[in-house]
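Here's the structure, in structure tokens; my notes come after.
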Amino acid sequence: MMATNGHVFNWMAVTTHRLFRQHRVVRQLSTTDDSGGGGREGTTSSPITRIYTRTGDNGSSGLFGSGDRRPKNDSVFEALGTADELSSSIGFAREFVTIAAIDEELERIQCILQELQSNIATPKTTSNPSLIAKTKWNRNYLIDLELCIDSHQQTLPPLKNFILPSGGKASAALHMSRAICRRAERQLVPLLDEGLELPVLQYLNRLSSYLFTIARVCALNDRKPETIYRRQTSDQDFDDS
């Protein structure tokens, strides 16, 4: 299955399909009613398609681009898992966003994150050249994101203090996505040695700034106050003894 832009694969769907074909685990299962109840022994039920492959039961998984099998705690899979976590958290945040334009932007970003995962799963040092070409990163995504940040920033009052994740449900959920995004960016750094394109990492860097910005926009729109960071003191600070 290809992504909507027609040239980048949906990594998760393609990988699952490839593993099904390779290991021949897509099959129709016949079941019998051996409970002694109303069913007749040997009667078949509707065909069932398995969505699991069992190929990862030994703690390894295969890469889309090269077919190489690596431990599931390999840096590639750590990055893929966090990118998936990021998209999931954005999907959760969207349930609270009431600004249609921002919701549309977030949906587009989730699609782009699918393409980002396809790129990560195709290491340039070991993958088939044709797959590298199909999963090539679109550098214009970074420009688009910067334009969105600049546009939203113009609607906000100047930020004069550090703020804590707050500002209502939408804002707080987007701050959570921002924190996950920063982790996803950090996990891409080791992949630069395997040929990961630097603009992929740069996109996540800007995405965290975008998520911070729209969290503030949502707080303003929802009329929820942002909590200002205030330096704390301890009762012990005034204990002369």
Side-chain angles (χ1 to χ4, degrees), residues 1-95 106-137 176-177 180-181 183-184 187-188 190-191 194 196 200:
M1 181 174 65
M2 300 184 72
T4 55
N5 64 8
H7 72 279
V8 180
F9 283 85
N10 179 319
W11 174 79
M12 289 182 289
V14 171
T15 301
T16 302
H17 176 73
R18 177 178 60 79
L19 291 174
F20 280 1
R21 185 179 67 249
Q22 178 180 351
H23 297 281
R24 299 180 181 178
V25 297
V26 177
R27 67 191 67 171
Q28 293 181 343
L29 304 180
S30 296
T31 59
T32 59
D33 183 357
D34 55 2
S35 62
R40 184 186 308 171
E41 184 174 355
T43 300
T44 59
S45 67
S46 301
I48 301 174
T49 300
R50 286 179 173 170
I51 63 169
Y52 54 89
T53 67
R54 296 175 177 161
T55 58
D57 288 354
N58 63 351
S60 69
S61 190
L63 288 174
F64 165 65
S66 63
D68 294 341
R69 297 199 68 79
R70 300 188 185 187
K72 290 188 176 182
N73 62 354
D74 184 87
S75 57
V76 171
F77 296 123
E78 291 286 355
L80 286 170
T82 307
D84 184 33
E85 182 183 353
L86 172 58
S87 181
S88 298
S89 72
I90 290 174
F92 177 78
R94 287 180 60 197
E95 294 300 311
L106 290 171
E107 180 180 351
R108 171 177 165 80
I109 286 169
Q110 285 185 286
C111 292
I112 291 174
L113 287 174
Q114 290 293 105
E115 299 178 18
L116 183 142
Q117 291 180 70
S118 298
N119 187 279
I120 294 173
T122 312
K124 306 303 178 288
T125 55
T126 58
S127 297
N128 184 297
S130 65
L131 295 181
I132 292 176
K134 289 177 180 177
T135 58
K136 183 174 177 59
W137 182 249
M176 180 68 74
S177 295
I180 296 173
C181 187
R183 173 156 50 89
Q187 291 183 337
L188 289 186
L191 304 186
E194 294 196 49
L196 181 74
V200 177

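Just so it is clear, the model here is predicted, and its values are computed rather than measured. Note that these values count all heavy atoms, side chains included, but never hydrogens, waters or copies made by symmetry.
- Side-chain atoms of Ser89 and Leu86, non-hydrogen and from C-beta on, do get closer than 4.5 Å to each other.
- Taking CD1 of Ile90 as the reference point, atom SG of Cys181 lies at 7.0 Å (rounded to 0.5 Å).
- No side-chain heavy atom of Thr82 sits under 4.5 Å from any side-chain heavy atom of Leu188.
- For the residue pair Gln110 and Glu107, no side-chain donor N or O sits within less than 3.5 Å of a side-chain acceptor on the partner.
- Between Leu196 and Asn119, some side-chain heavy-atom pair lies under the 4.5 Å cut-off.
- With sequence neighbours excluded, the residues satisfying side chain to side chain contact (heavy atoms under 4.5 Å, CB included) with Glu194 are Arg70, Ser75, Val76, Pro123, Thr125, Leu191.
- Not counting sequence neighbours, the partners of Glu85 by the side chain to side chain donor-acceptor pair (under 3.5 Å) test are Arg183.
- Side-chain contact, Thr135 with Ser118: no donor N or O sits under 3.5 Å from an acceptor N or O.
- The two residues Leu80 and Gln117 come nearest to each other via the heavy atoms CD2-O, 3.3 Å.
- With sequence neighbours excluded, the residues that form a side chain to side chain contact (heavy atoms under 4.5 Å, CB included) with Arg108 are Ile112, Tyr141, Asp144.
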Yes or no on side-chain contact (heavy atoms from CB on, under 4.5 Å) for Leu113 and Asp84, after CA distance, side-chain angles and deciding distance?
CA-CA 8 Å; Leu113 287 174; Asp84 184 33; over 6 Å; no
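- In this view, Ile132 and Thr122, Lys124, Ser127 satisfy the side chain to side chain contact (heavy atoms under 4.5 Å, CB included) rule, not counting sequence neighbours.
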